[in-house]
Amino acid sequence: MKYFGFKASTGAAALVAVGGLGAISAFASTSHVVSQAEKAFSTKKMEVAVGDSITFVNDDKVKHNIVIKKMDVSSGIQKPGEKIDVLFDKNGKFKVRCGIHPKMKVTVVVK
Amino acid sequence: MNLLDISWRSLIAGGVFAAAMPAMAAEQIATRTVAGVDPAELQKMIELNVRPNAIPFPEENPYSVEKAELGKMLFFDPRLSGSNLLSCASCHNPSFGWEDGQPTGAGHGMNRLGRHTPTVLNLAWGEIFMWDGRMDSLEEQALGPIQADVEMAQPLDELIAELQAIEGYRELFAAAFPDQEISEETIGQAIATYERTIVSNRAPFDHWVDGDESAISESAKRGFVIYNTKANCVACHSGWNMTDDSFHDIGLDTDDVGRAAEMNDMPEFKHAFKTPGLRNIVERAPYMHNGSLATLGEVIDHYATGFAERPSLSDDIKPFELSAAEKDDLIAFLESLSSEDDPVEIPVLPN
């Protein structure tokens, strides 16, 4: 399992992994899935509970990436077919973008 | 997202708000013709360039007349710099397409900066800001150059105190932000609101898209097709404002790592910079993130064969060959993107 580094200085203990949900199953209460296709996320806004995780699945033909500035998360390159899991363990409103295609964005509200 | 349904011209002039431009009828698009081009293919190209009818404003910072007026004052006020000599407009000059006409900008102490001053034109539609995308909103962007030591060198806490000491600003802030103190947030929101109102007027190209076959020359029409096909400029310069708001290494001779500095030094982002929009591009020379190319002809030559082959080079950069006539056509199209914008009235600043 390959983990991408992140800084925990914001207090939002995001765990970013590639390859599946197994790495974070002990932390997350519910898993949600968001697809990336045609240079767009499958939803523009979603609500999750504190402790939930989201799996971002690259169903596209091009590389993507997950950036959440407020959580200091930058996933690295996400090739077609790869998944990135992010744990949201702090409430708030988070803008998730693709750092390659910034028009791809989804707002995650954690309650 | 809030939409301000008004005409660009009246808003920029700060005058009476008028009705929005009527939506274009589909049959009007179908009347466009370019010799030798399949009408259906041409229509697809044209449809991607239809302008929006309203300026989008974020829910977090909705439009108000008071905010836009305050933001304009702040934008043109040199007291926003540590030296009290530089305003936002010193670099983002409306006379030069809201740039400065220099290869790279000049900041505090007239020190030369590392990158070309980007335009603030049509930023209401921007996604992320600065050449390397390090600012996530226009509100955030507005505060960046003010604080930067090499740019305006003005600590925000000192600026807030300076503004609070000026009666006229106290009144303007009170009108724009009732029950709020002058703060970083309100300064950023006011400037961003004004910047969102800086929109290029309808250019000859837009009138052609709208249905006026005589609005642009036959050469410009051929250039539009070349832009979308042979030269494939549209791979990145897409949409009515001609930008995908994404980042690409276009093979310029540069040591600047660009977007990579914001993306954990990932090699895929090395030398990648944000695609600039192309509205009023003739007035915005010189070109590229480092202002290294003086003319649109040089820019076309760069994309045709002049780029550096390296691992980070964008997949969209591929060599092409244009005849001298085709190059003229492409330039004619780019020239058709320039609008006659209303004169910008410099505000008399509060004291």
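- Counting heavy-atom pairs closer than 4.5 Å to chain A, the top residue among B/K274, B/E127, B/M266 is B/E127.
- Within a 6.0 Å radius of CG in B/D255, other residues, nucleotides and ligands contribute 12 heavy atoms or fewer.
- Residue A/K45 qualifies as open at atom NZ: its count of foreign heavy atoms under 6.0 Å is 12 or below.
- B/T243 touches chain A through its backbone: at least one of N, CA, C or O sits under 4.5 Å from a heavy atom, while the side chain does not.
- In this structure, B/F247 and A/P102 approach most closely via the heavy-atom pair CE1-CG, 3.5 Å.
- From A/I68, atom CD1 reaches atom CG of B/D136 across 11.5 Å, with rounding to the nearest 0.5 Å.
- Between A/N65 and B/M263 the shortest side-chain heavy-atom distance falls below 4.5 Å.
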TODO: Apply side-chain contact (heavy atoms from CB on, under 4.5 Å) to A/V67 and B/E262, showing your working.
DONE: CA-CA 10 Å; A/V67 174; B/E262 296 300 309; over 6 Å; no
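- Enclosure of atom CG in B/D253 is not indicated, since only 12 or fewer non-hydrogen atoms of other residues, nucleotides or ligands lie within 6.0 angstrom.
- The part of B/D244 that comes within reach of chain A is its backbone (N, CA, C, O), which places non-hydrogen atoms under 4.5 angstrom from that chain.
- Tested against B/I128, the residues A/R97, A/K69, A/K103, A/K105 include a single side-chain contact (heavy atoms from CB on, under 4.5 Å) partner, A/R97.
- Contact of A/K95 with chain B is made through the side chain alone, with heavy-atom distances under 4.5 Å.
- Residue-environment remark: CD (A/E38) stays at or below the threshold of 12 foreign heavy atoms within 6.0 Å.
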